[in-house]
Asker: 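Sharing a structure below in structure tokens format, with a few things to ask.
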Amino acid sequence: MDTKYNPKAVEDKLYAQSLEKGYFSPKVDQSKKPYTIMMPPPNITSRLHMGHAFEGTIIDVLTRFKRMQGYNALLMPGTDHAAIATEVKIVEDMAKDGVKKSDLGRDGFMERAWQWNDKYGNEIIEQIKKMGISADWNRARFTMDEGCSKAVVEVFVRLYEKGLIYRGERLVNWCTKCNTSISDAEVEHEDKQGGFWHFKYPIKGMDGEYATFATTRPETMLGDVAIAVHPDDERYKHLVGKLAIMPILDREIPIVADRYVKMDFGTGMVKITPAHDFNDFELGARHNLPKINIMNDDATINESGGAYQGLDRYEARKKIVDEMDGLGLFIKKEDITHSVGTHDRCKDVVEPLNKLQWFVKMESLAAPALKAYQDGNLNIVPPRFGKVYTHWLEDIKDWCVSRQLWWGHRIPAYHCGCCEHITVAKEPPAACPKCQSTNLKQDEDNLDTWFSSALWPFSTLGWPGEDSEDLKYFYPTDVLCCGYEILFFWVIRMVFSGQEFMGELPFKDVLIHGMMRDEQGRKMSKSLGNGIDPLDIVEQYGADALRFYLSTGNSMGNDLRFYIDKVEAARNFLNKIWNASRFIAMNVGEGDIPTLDNVMDSLTTADRWIISKCNATIAEVTQNLDNYDLGLAAQKINDFAWDELCDWYIEMVKSRLYNADDPTRPAAIATLCHVLEATLKLLHPFSPFITDEIFQSFGFGESVVVASWPIASDALNFAKEEQDVEQIKEAIKAIRNLRSEMNIPPSRKAAVYVVASNQAVRGVFEAGSGHIVALASASEVIVQDNKTGIDDNAVSLVVASAEIFMPLADLVDFDKERERLTKEIKKLEDEVARVASKLANQGFLSKAKPELIEEERAKEAKYKEMLALARGQLASL
RNA sequence: GGACAAUUAGCUCAGCUGGUAGAGCACAUCCUUGACGUGGAUGGGGUCAGGGGUUCAAGUCCCUUAUUGUCCACCA
């Protein structure tokens with residue numbers, strides 16, 4: 001074994017081995033309990049980023065943990081076609097070659113898109129493998145593969161037949177850049193600088209009277225069909241029912257009264273453009289106003305715009321202001337910041353347009369999804385995200401699922417060229433069921449990418465295939481893990497889809513993680529160029545180090561800043577494990593690993609102490625993982641392995657190992673192996689490769705991947721030994737501290753006298769004297785019940801129940817000693833005072849738990865004794 | 001305009017059901033001891049954002065203020 005752990009030498013080898021052995025590919029087995037996690041399928045838009053590594057680590061830690069616990073664990077991988085996101089990328093890519101979508105046609109475009117998928121889909125899979133994710137690649141799926149596509153069609157048809165899908169003309173969010181409708185969830189509201197233009201329209205037959213109003217989008221004036229005021233507004237009551245004149249198009253529009261208008265905002269008059277504003281749309285419907293659409297799909301003004309036809313929306317905006325100004329009807333422009341809807345993919349300003357689109361009726365689907373959470377059947381971690389979940393469902397609107405795209409699932413609706421009847425069916429019908437015409441054409445629109453994602457927990461397991469063993473066995477899944485940003489895009493839709501089609505929630509727990517950010521807390525993004533490729537980190541530090549880092553130092557649901565220093569710290573920790581293992585391996589020698597059972601009788605206090613500590617760590621880590629506290633679990637493993645095992649136990653045990661004749665040597669080796677094996681197992685979910693490499697090289701078993709998770713045992717709890725060793729540790733630390741403060745070189749050894757009146761305490765120190773010699777630069781340790789034979793000028797210090805003296809008179813600076821002891825006494829006095837005041841408090845005595853009071857009493861006694869000893873020492877100086 | 005977080009050592013963050021503040025990095029001093037300098041030892045450094053309240057006891061629960069961030073929301 002090399003002094004440095006080299007990830008490159010083992011990672012690929014071990015991953016291949018696990019695949020070959022089929023560890024990640026569970027078979028349906030009724031004798032074992034399944035544990036299932038659906039991996040959120042990454043978009044095939046590009047390579048993976050750090051967020052994927054973060055999420056992948058979390059779900060893999062859970063999967064490996066459960067697998068070791070004996071569950072039949074399935075981590076189901078896959079990729080997402082990501083309809084619009086990918087199509088945008090492909091169009092950009094084609095533009096480099098000077099090719100446009102229209103050049104290729106639908107079929108040609110699809111061909112190119114599939115090539116894209118081959119390239120990036122496979123690249124992503126390779127990246128996930130490099131991270132050590134224990135996914136079952138035999139079951140890997142793609143949202144547009146045959147099975148998933150079949151599920152999509154099935155769901156669409158069933159919802160349609162149930163009346164939950166309809167086609168209707170509505171205002172939808174239209175992205176003029178991507179040339180498609182998008183759902184509400186895809187609209188981002190962004191505060192932008194903009195103008196707020198004030199105008200007035202003349203009123204017919206009332207010279208000198210005007211309807212004054214303001215707008216942030218003057219171009220929509222071309223579609224104005226009314227002016228609205230509040231019915232109670234005294235200022236305008238006389239105008240209701242009159243006609244205002246939209247001068248540019250010379251259109252007469254009514255002045256209507258509606259409670260939607262806020263009297264105290266602006267002038268209290270609102271222009272109404274039902275075809276281009278969601279509120280106006282509703283108001284228009286209430287007043288039977290016409291909808292005048294003035295915009296083409298590409299954001300140019302259409303024929304309804306008169307002279308403005310053909311102009312871009314912003315150009316038209318400018319010219320309309322000019323024209324109004326020329327007419328003397330423009331009042332002023334204010335600069336304001338206001339919220340503007342933009343498309344989350346391309347950031348272009350979204351236009352509300354009146355369109356014929358397909359919608360999913362949400363009301364009856366949302367209700368059970370909400371109820372499941374309220375009834376406690378769906379557990380969201382951390383719980384605060386439950387509010388986001390309920391809020392979204394309570395406020396849900398119908399879901400616009402049609403997209404004017406090519407890449408994705410085409411809507412299974414067929415239009416009759418003869419009678420215009422629409423047939424929704426799983427297979428293209430041979431003829432129109434209404435007029436028997438064979439002139440049928442499939443709907444041009446595609447489905448929202450989330451339509452297929454919503455089915456992921458069951459479409460991937462074989463649904464709608466009725467006899468799918470996988471589906472019966474692995475559904476419902478156990479936990480769904482994703483970032484908070486897709487809680488409503490994805491989680492909610494999976495929940496109601498699972499309920500609707502499987503009759504059962506798709507998962508019990510929802511685990512929400514935060515986002516990866518850069519060192520400055522900024523979002524990692526392409527445009528900022530601050531993204532970090534996880535594979536670069538893997539290349540440099542190994543997958544284990546990256547994974548360990550991603551698991552620690554942050555709690556679930558919080559964002560995580562990427563610090564390379566922390567990856568390095570994780571790498572150092574793993575290197576420490578490596579070297580500790582190397583040390584143990586050097587001492588084990590040839591032959592079988594000794595087991596604890598054979599040496600139980602010869603275990604020393606130190607052995608029992610570390611075994612007991614290990615036992616406690618097992619219990620805590622298991623508990624933490626059960627609670628999804630990965631960070632705490634990883635921290636506990638780190639603390640145990642590094643502090644207790646490496647810095648203390650291994651140091652304590654060296655003398656026994658170096659002495660071949662020591663009768664307790666086998667016990668030490670067995671203890672080391674026992675503790676190492678447990679540590680490797682605990683660490684394995686976080687850092688799978690290094691643990692497996694060591695595990696196998698020790699011959700602990702075939703592979704830690706399929707080893708059994710350690711179980712804490714009452715028989716291995718040794719409270720007495722824990723206490724004893726802690727006492728020795730305390731003494732060693734005190735001596736080291738003293739030596740360091742006095743600048744005593746390590747080469748200068750000193751005898752250590754331990755004076756304790758209590759016989760049991762003397763016993764502890766006698767037993768631990770070897771450790772004091774080895775770890776506190778002592779030449780010898782003499783334990784006695786009085787100060788006989790100790791130089792009056794010896795350096796002294798106080799620990800619990802004992803005094804320690806070291807004859808180092810020649811090195812002692814008495815002034816400094818006095819100062820040190822005075823400080824020590826002050827500290828002890830404070831402690832005594834604090835405890836005493838607590839114990840004098842009647843409230844505390846009557847209300848605190850008895851064991852706590854007992855603890856405080858013990859402390860009081862301890863500190864009082866130490867204080868007395870320290871005072872004595874100061875006096876004798 | 002709502003909702004939710006965050007505010008703890010110089011930096012980045014832990015701190016579970018309330019019971020004497022922790023880690024990593026950074027810093028200072030020391031250590032070429034036979035696993036590891038990607039190491040070891042020791043140390044300095046926090047009135048846990050401010051103010052109230054509940055409690056015998058609050059970083060931990062409640063209210064409030066401030067700052068920062070995120071999400072949601074139709075204010076023309």
Side-chain angles (χ1 to χ4, degrees), chain A residues 1 3-5 188-189 196 213-217 220 228 260-262 265-273 277-282 338-339 341 352 382 384-385 387-388 391-392 395 484-485 487-488 514-515 519 521 541 545 549 552-555 557-563 565-566 568-587 620 623-624 627 629 631-632 635 638-639 646-647 650-651 654 658 732-733 736-741 743-747 774-777 830-831 834-835 838 841-849 852-853 855-856 859:
Chain A
M1 284 172 92
T3 65
K4 285 184 178 54
Y5 169 63
E188 258 175 19
H189 292 273
F196 196 41
F213 59 89
T215 177
T216 54
R217 294 185 297 157
T220 61
Y260 156 71
V261 182
K262 291 189 177 58
F265 188 85
T267 60
M269 283 186 154
V270 190
K271 68 186 224 35
I272 301 299
T273 323
D277 183 281
F278 288 98
N279 294 308
D280 293 6
F281 184 90
E282 286 174 23
H338 62 134
S339 172
R384 68 183 129 100
F385 289 105
K387 284 200 180 175
V388 180
H391 181 253
W392 186 266
D395 202 36
Y484 53 72
E485 74 277 9
L487 185 58
F488 37 81
M515 284 193 344
E519 284 198 19
Y541 295 94
Y549 155 64
T552 42
N554 127 300
S555 54
N558 288 350
D559 290 350
L560 181 63
R561 293 190 189 193
F562 187 84
Y563 276 88
D565 283 358
K566 292 198 172 194
E568 205 169 305
R571 189 270 318 266
N572 293 353
F573 167 63
L574 296 176
N575 195 238
K576 187 77 182 173
I577 296 285
W578 177 259
N579 276 295
S581 306
R582 206 160 65 90
F583 172 76
I584 296 169
M586 286 164 63
N587 287 287
E620 287 171 347
Q623 177 73 54
N624 289 147
N627 294 340
D629 285 326
L632 289 180
Q635 192 57 54
N638 182 309
D639 291 349
C646 292
D647 289 344
I650 286 183
E651 294 306 325
K654 275 179 176 170
Y658 294 153
I732 291 171
K733 282 191 206 171
R736 283 170 171 174
N737 174 335
L738 185 91
R739 294 179 60 106
S740 174
E741 270 184 29
N743 288 321
I744 301 167
S747 54
L775 304 180
S777 304
D830 288 349
E831 290 300 331
R834 194 185 55 74
V835 179
K838 213 167 185 177
N841 185 331
Q842 274 311 316
F844 178 73
L845 292 176
S846 60
K847 296 195 177 171
K849 277 182 272 181
L852 197 70
I853 297 171
E855 246 174 68
E856 292 296 322
K859 275 186 211 162

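In what follows, every chain begins at residue 1, and chains take the letters A, B, ... in the order their sequences are listed. Atoms considered below: every heavy atom in the structure, side chains included; atoms not considered: hydrogens, waters and symmetry mates.
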Asker: Measure from CD1 on A/I577 to C1' on B/rG39 and round the result to the nearest Å.
Answerer: 14 Å
Asker: Please give, in whole Å, the distance from B/rA14 P to A/Y563 OH?
Answerer: 12 Å
Asker: Quick check on B/rA35: is either OP1 or OP2 less than 4.0 Å from any side-chain nitrogen or oxygen of A/K654?
Answerer: yes
Asker: Using a cut-off of under 3.5 Å, enumerate the N/O to N/O pairs linking the protein to nucleotides 68-75 of chain B.
Answerer:
residue : atom : partner : partner atom : Å
B/rC74  : O2'  : A/N279  : ND2          : 3.2
B/rC74  : N1   : A/N279  : OD1          : 3.2
B/rC74  : N1   : A/N279  : ND2          : 3.4
B/rC74  : O2   : A/N279  : OD1          : 3.3
B/rC74  : O2   : A/N279  : ND2          : 3.1
B/rC75  : O2   : A/K262  : NZ           : 3.1

Asker: Please state how far atom OH in A/Y541 lies from atom C1' in B/rC25, giving the value in whole angstrom units.
Answerer: 13 Å
Asker: Please tell me whether A/T552 and A/K566 have a donor and an acceptor in their side chains that are separated by less than 3.5 angstrom.
Answerer: no
Asker: Under 3.5 Å between N/O atoms: give me all the protein pairs with nucleotides 17-20 of chain B, atom names plus distance.
Answerer:
residue : atom : partner : partner atom : Å
B/rU20  : N1   : A/R834  : NH2          : 3.3
B/rU20  : O2   : A/R834  : NE           : 3.0
B/rU20  : O2   : A/R834  : NH2          : 3.2
B/rU20  : N3   : A/E831  : OE1          : 3.3
B/rU20  : N3   : A/R834  : NH2          : 3.1
B/rU20  : O4   : A/Y863  : OH           : 2.7

Asker: Have A/Q635 and A/D639 got a donor and an acceptor in their side chains that come within less than 3.5 Å?
Answerer: yes
Asker: Side chain of A/D565 only, heavy atoms from C-beta on: which candidate in B/rC25, B/rA5, B/rC36 is closest?
Answerer: B/rC25
Asker: Could you tell me whether the phosphate oxygens of B/rG43, OP1 or OP2, come under 4.0 Å of any side-chain nitrogen or oxygen in A/N737?
Answerer: yes
Asker: Rounded to the nearest angstrom, tell me the gap between atom CG in A/D647 and atom P in B/rU42.
Answerer: 9 Å
Asker: Are OP1 or OP2 of B/rC13 and a side-chain N or O of A/R561 less than 4.0 angstrom apart?
Answerer: yes
Asker: Determine whether a donor-acceptor pair (one donor, one acceptor, N or O, separation below 3.5 Å) exists between the side chain of A/R736 and the base of B/rU42.
Answerer: no
Asker: Under 4.0 Å between a side-chain N or O of A/N579 and OP1 or OP2 of B/rU38?
Answerer: no
Asker: It should be established whether A/N558 places a side-chain nitrogen or oxygen under 4.0 Å from OP1 or OP2 of nucleotide B/rA14.
Answerer: yes
Asker: Is it true that A/Y549 and A/F562 have ring centroids separated by less than 6.0 Å?
Answerer: yes
Asker: With stacking defined as ring centroids separated by under 5.5 Å and planes differing by under 30°, is A/F213 stacked against B/rA76?
Answerer: no
Asker: For A/R582 and B/rG34, what is the distance between atoms CZ and C1' respectively, to the nearest whole Å?
Answerer: 11 Å
Asker: Counting only side-chain N and O atoms of A/K576, is one of them less than 4.0 Å from OP1 or OP2 of B/rG40?
Answerer: yes
Asker: For B/rA35, does OP1 or OP2 lie under 4.0 Å from any side-chain N or O of A/Y658?
Answerer: yes
Asker: Which nucleotide, if any, forms a Watson-Crick or G-U wobble pair with B/rU29, using both distances under 3.5 Å?
Answerer: B/rA41
Asker: Look at the side-chain N and O atoms of A/S555 and state whether any lies under 4.0 Å from the OP1 or OP2 oxygen of B/rA14.
Answerer: yes
